[in-house]
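What follows is a short report on a single structure.
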Amino acid sequence: MASKQPFADSDTADEAVRATCDDASICKRFASSKGYWTDLYLQYFVRQTGERKAPEINRGYYGRVKGVNHLLDAFLKKTQCDCQVVNLGAGLDTTFWRLKDENIMPKKYFEVDFPMIVARKIHHIKRKSYMVKMAREAKPPLSKPLIETHSNDSLLLEGHNLDSDKFCVISADLRDLSTLEDKLKKFHINPVLPTLFMSECVLVYMTAEQSSKLVRWIADTFPTAMFINYEQVNMDDRFGQIMIENLQRRQCNLAGVDLCQSLDSQKERFLSTGWESVNALDMMAVYSMLPQEDVARIERLEFLDEKELLQQLLQHYCICWAVKDKLNLGLTQIGF
Ligand SMILES: C[S@@+](CC[C@H](N)C(=O)[O-])C[C@H]1O[C@@H](n2cnc3c(N)ncnc32)[C@H](O)[C@@H]1O
């Protein structure tokens, strides 16, 4: 069993969790600036590429982004975009803008995060609009797709909420299910539509009980749904212990680490909460199943001295995906 962690008070703990949003987007910004993948929009949320990140970190993020995108794009294809996407703990993620550019937009794309993170995200979207308006340039890059895909003038763009026809950003604590449900309803989520929920390094910050309640509520509410969860696995060994200690030093509790012991414990969270079919792969496996031509390309970008370190890193993260398919769309066939 992974060791229990000393308890930081809840405000400090939540603040440390919110800070992980910057870590993720700074690392993604750095790796994309190195050419691991293209992200045209992260620059508007994270100005600096920041200090150099080790090649194994960049390759780890490459596997994470490509792996999650592979499953997300497969879901959009299976449902022919007649679906919704809900990105839980989205932070400064830019997937909405990628989907718009690639012309594979769902009917509506929702994001959820803590109010403080959502306010920052909305501020960036608004600030760019304002600055560009002042400079009398063409439509701004972040708000342009929002405006273009919105049919009337009732676009809501205020401090803690953004709602347009296609894109909605909601402030909510994922541990408070009734508020989450109310807000998703208020912004017109349709439980009958096939719906993809995704969480990238998010559930691990909630207790096993809290994340299980969340995924059970989704399974009970959305008859045709998929959940993609990317996070830590194999946390019981020495390397996992060091990862936990590093985060503890920043007051960041991995409250849900008990479900990160193995691929089986990751799958169990979904199997015990009403999902029909569940799969999980560690990132070593995912990395080896990505298009190898592109993997060869990124492996030429930077010399990697510490091959073992990359392997250890990839063995300690996984993607777990679960499906419920009332409409028989063939969602269980989605995989690598
Ligand atoms: C490691 S960051 C990942 C951000 C984004 N998913 C990505 O991969 O770029 C974790 C995110 O989850 C959010 N988060 C964690 N626990 C949450 C909760 N209980 N309610 C809402 N958001 C939460 C944090 O605020 C943060 O933005």
Side-chain angles (χ1 to χ4, degrees), residues 8 10-32 36-37 39 41-46 50 53 57-58 60-69 71-72 85-98 109-122 124 160-161 169-181 183-184 196-215 217-218 227-232 243 246-247 250-257 259-260 283 317-319:
S10 63
D11 281 353
T12 314
D14 283 357
E15 192 45 49
V17 169
R18 283 190 286 270
T20 64
C21 162
D22 287 319
D23 296 339
S25 31
I26 288 168
C27 288
K28 286 181 178 177
R29 171 93 164 95
F30 184 83
S32 68
Y36 282 82
W37 70 92
D39 187 326
Y41 299 98
L42 209 42
Q43 58 177 316
Y44 301 113
F45 292 112
V46 183
K53 303 282 178 288
I57 302 286
N58 298 328
Y61 270 91
Y62 168 82
R64 165 176 171 171
V65 168
K66 291 289 173 176
V68 170
N69 285 352
L71 294 176
L72 162 64
V85 173
V86 185
N87 191 336
L88 302 169
L92 301 176
D93 186 270
T94 55
T95 302
F96 166 75
W97 288 271
R98 174 181 76 83
Y109 188 99
F110 297 82
E111 294 188 350
V112 183
D113 211 300
F114 283 120
M116 229 180 271
I117 303 289
V118 165
R120 271 177 60 195
K121 189 156 199 173
I122 294 177
H124 284 297
H160 289 97
N161 292 301
V169 190
I170 292 173
S171 302
D173 184 331
L174 297 168
R175 297 164 297 188
D176 174 1
L177 271 184
S178 64
T179 307
L180 177 66
E181 187 173 6
K183 291 202 172 176
L184 284 169
L196 173 71
F197 289 82
M198 51 197 279
S199 57
E200 242 185 272
C201 287
V202 178
L203 301 187
V204 70
Y205 299 113
M206 306 160 67
T207 64
E209 197 192 345
Q210 288 162 340
S211 69
S212 296
K213 270 193 184 153
L214 173 65
V215 303
W217 172 74
I218 294 170
F227 199 114
I228 304 173
N229 183 41
Y230 171 94
E231 69 182 6
Q232 290 87 341
M243 287 166 71
N246 285 344
L247 281 156
R250 300 166 45 185
Q251 307 276 339
C252 195
N253 287 321
L254 294 184
V257 79
L259 292 182
C260 302
M283 292 309 289
Y317 284 93
C318 70
I319 299 185

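One is the number of the first residue; the rest follow in order along the sequence. Ligands are counted one by one from 1 in listed order, and the atoms in each one are counted from 1 as well.
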Over 12 foreign heavy atoms within 6.0 Å of NZ, Lys213: no

Cys201: numbered ligand 1 atoms lying under 4.0 Å from its heavy atoms: 1 (C), 10 (C)

Which residue and heavy atom of the protein sit nearest atom 15 (C) of ligand 1, plus the separation: Val17 CG1, 3.3 Å

Ligand-side contact atoms (ligand 1) for residue partner Ala172, heavy atom cut-off under 4.0 Å: 20 (N), 21 (C)

Flag, side chain of Asp93 to backbone of Thr95, donor-acceptor distance under 3.5 Å: yes

Residue, atom name and distance, where the atom is the protein heavy atom closest to atom 23 (C) of ligand 1: Phe114 CE1, 3.5 Å

Whether Phe227 and Phe197 hold their rings parallel, tilted or perpendicular, with breakpoints at 30° and 60°: parallel

Whether Lys28 side chain and Tyr61 backbone form a donor-acceptor pair below 3.5 Å: no

Enumerated ligand 1 atoms positioned under 4.0 Å from heavy atoms of Ile117: 25 (O)

Proximal atoms of ligand 1 relative to Arg64 (non-hydrogen, under 4.0 Å): 7 (C), 8 (O)

Shortest non-hydrogen contact from Leu184 toward Phe110: CD2-CD2, 4.0 Å

Ser25 touching ligand 1 at heavy-atom level, < 4.0 angstrom: no

Over 12 foreign heavy atoms within 6.0 Å of CD, Glu181: yes

Ring centroid separation Phe45 to Trp97 under 6.0 Å: yes

Option nearest atom 1 (C) of ligand 1 (shortest heavy-atom distance, choices Leu180, Leu203, Thr20): Thr20

Sub-4.0 Å atoms of ligand 1 with respect to non-hydrogen atoms of Gly91: 27 (O)

Asp173 neighbourhood, listing ligand 1 atoms whose heavy-atom distance to it stays under 4.0 Å: 18 (C), 19 (N), 20 (N)

Nearest neighbour in protein (non-hydrogen) for atom 6 (N) of ligand 1: Gly89 O, 2.8 Å

Protein residue, atom and distance nearest to atom 3 (C) of ligand 1, heavy-atom basis: Glu200 O, 3.5 Å

Lys28 heavy atom under 4.0 Å from ligand 1: yes

Protein contact to atom 20 (N) of ligand 1 [nearest heavy atom, distance to 0.1 Å]: Leu174 N, 2.9 Å

Ala24: numbered ligand 1 atoms lying under 4.0 Å from its heavy atoms: 9 (O)

Heavy atom of the protein closest to atom 27 (O) of ligand 1 (residue, atom name, distance): Asp113 OD2, 2.7 Å

Pair Arg120 + Asp113: basic N to acidic O under 4.0 Å: no

Candidates Glu231, Gln232, Arg64 - the one meeting side chain to side chain contact (heavy atoms under 4.5 Å, CB included) with Tyr317: Gln232

N/O donor-acceptor pair under 3.5 Å between Gln251 side chain and Thr12 backbone: no

